[in-house]
Amino acid sequence: MSDKLFIFDTTLRDGEQVPGCQLNTIEKIQVAKALEDLGVDVIEAGFPISSPGDFNSVIEISKAVTWPTICALTRAVQKDIEVAADALKFAKRKRIHTGIGTSDYHIKYKFNSTREEVIERAVAAVKYAKRFVEDVEFYAEDAGRSDNEYLARVVEAVIKAGATVVNIPDTTGYCLPHEYGAKIKYLVDHVSGIENAIISTHCHNDLGMATANTISGVLNGARQVEVTINGIGERAGNTSLEEVAMILKSHKDLLIDTNINTKKIYGMSRMVSSLMNMPVQPNKAIVGRNAFAHSSGIHQDGVLKNRESYEIIDPKDVGIDENSIVLTARSGRAALKHRLEVLGVILDKEALDTAYEDFLKLADKKKDINDDDVLMLVGKERQEHSRIKLEYLQVSSGIGIKPVASVCLNIAGEKFEAASSGNGPVDAALNAIKQILRRTTVVKEFLIQAMTKGSEDVGKVHMQVEYDGAVYYGFGANTDIVAASVEAYIDAINKFVK
Ligand code: KIV
Ligand code: ZN
């Protein structure tokens, strides 16, 4: 008989804290419904006091989702808890996630407080949250660097106050796997009343050990894991859902099961990557483009003779059906619709017609259309509704001549033209746009990626643009790399030009 491990997904809270990856409420609902379909037990939908957008998203996700518990984050502050309770009012199952830092770094430098005072604040927060909901999770922020004896006292006190789940975050991603496992075991062995709460892991990936630490926590008694799709999250990210789910599926000997329908993992991963404009690194375990690609002759030969000689996971188990990945100009509308559905994108008839027209144009230029291309087409559709659109772009460049570009922008229905030179074709085009907008922006990061190999292929551009002290993220994809760069710049400026 296996033990059940609860999957707590925080893609929409910790994951969404990544600069430039913010989603609007409609996109968050789309992700939440897909997470429900995937089989997660808890969805952390946001931090309601942090912004009206987060508050509203928690309300709308609560209405849209049936089975998973909806969780809202708070600090150990009464007002936060009241606002979270209000945001959760439509949730069928609800949880407040409240907490406070327990390491000496937090106690001394963040709160200028004492260990005793922090215990009092933790207990008061849990008791206050219990007035609104039955299910209260407590997080001991920076538990990874907290003294185990003190941590055990905090955990014991909050369980006594009514906490149903105790979260032990390795907030800075500092712990070694054996150390994190020992911390969980210490709590299991020393906290009286620990059997009345579920211990949760919450590991960050600063040293690349998030998944190892999470599994070590589970092996030592944790029965909830806090994870994100594709491991996204602040800095180096959080533990990735797909890695934990597939480790437990591959190691049946551990006798620990999750509710995750692993066949939905690939579609979920692509949906989050596409909505957040956050590329998945090609060698990312489970969902990276190369995760199942065997390029060496020896490996290919082995896999063809018997898949298990080099593959421990059947790609079909994570929803990758190799036969359906590539579409061509001969693929019909139904094939495109099916592919989009596998990738978690449902379009109405009108949007599908537009996507199919764009698909045929791209298929004329590019022989094989893969999942990234398909998602890029749907992303373009989203850009159609932007306030600033590119009407045309003409660039002249070469060796021995100064690059010049002329650009026409459509801003809220009015057309504006400008021409400029620059150090290169992209610089010339951006200078022309800046003339129209008359704003001082600085391109902080500019990353070009080929989507696949080959001369006629699509290039993706990720750009970070600084304006008025804040950094905005933009994405563009086009067979012409200068056009992709301009699209990325326009995508970024659409986020601050109102
Ligand atoms: O990393 C962390 O400590 C957190 C808490 C707020 C749960 O995200
Ligand atoms: Zn975190």
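Since this is a predicted model, take the numbers as computed values, not measurements. We count ligands from 1, going down the list as the structure has it; atoms in each ligand are counted the same way.
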Chemist: Tell me which protein heavy atom sits closest to atom 4 (C) of ligand 1, plus the residue, atom name and distance to 0.1 Å.
Modeler: H202 NE2, 3.5 Å
Chemist: Are side-chain heavy atoms of D142 and T172 found at a separation under 4.5 Å?
Modeler: yes
Chemist: Of all N/O/S atoms in D14, which lies nearest to the Zn ion (ligand 2)?
Modeler: OD2
Chemist: Can you find a pair of side-chain heavy atoms, one from M276 and one from E16, that are under 4.5 Å apart?
Modeler: yes
Chemist: Among all protein non-hydrogen atoms, which one is nearest to atom 1 (O) of ligand 1, and what is the separation to 0.1 Å?
Modeler: H204 NE2, 3.0 Å
Chemist: For E141, take its heavy atoms, then give the atoms of ligand 1 lying under 4.0 Å from any of them.
Modeler: 3 (O)
Chemist: Tell me whether D14 has any N or O atom under 3.5 angstrom from an N or O of ligand 1.
Modeler: yes
Chemist: Does a donor on one side chain sit under 3.5 Å from an acceptor on the other, for T11 and T228?
Modeler: no
Chemist: Any heavy atom of R13 closer to ligand 1 than 4.0 angstrom?
Modeler: yes
Chemist: Name of the H204 N, O or S atom nearest the Zn ion (ligand 2)?
Modeler: NE2
Chemist: Check whether any side-chain heavy atom of I199 lies under 4.5 Å from a side-chain heavy atom of Q224, and answer yes or no.
Modeler: no
Chemist: Can you tell me the protein heavy atom closest to atom 3 (O) of ligand 1 and the distance?
Modeler: T171 OG1, 2.7 Å
Chemist: Out of the N/O/S atoms in H202, what is the name of the one closest to the Zn ion (ligand 2)?
Modeler: NE2
Chemist: Quick one: are the ring centres of F8 and H97 less than 6.0 Å apart?
Modeler: yes
Chemist: So that I can tick it off, tell me whether E242 and K284 are bridged by a salt bridge, with the cut-off set at under 4.0 angstrom between side-chain N and carboxylate O.
Modeler: yes
Chemist: Is it the case that atom NZ in K127 sees more than 12 heavy atoms from other parts of the structure closer than 6.0 Å?
Modeler: no
Chemist: Is F111 atom CZ crowded by more than 12 heavy atoms from other residues, nucleotides or ligands, each under 6.0 Å away?
Modeler: yes
Chemist: Record the part of N167 in heavy-atom contact with ligand 1 below 4.0 Å; permitted values are side chain, backbone, both and neither.
Modeler: side chain
Chemist: Using a strict 4.0 Å cut-off to heavy atoms of P169, name the atoms of ligand 1 that fall inside it.
Modeler: 2 (C), 3 (O)
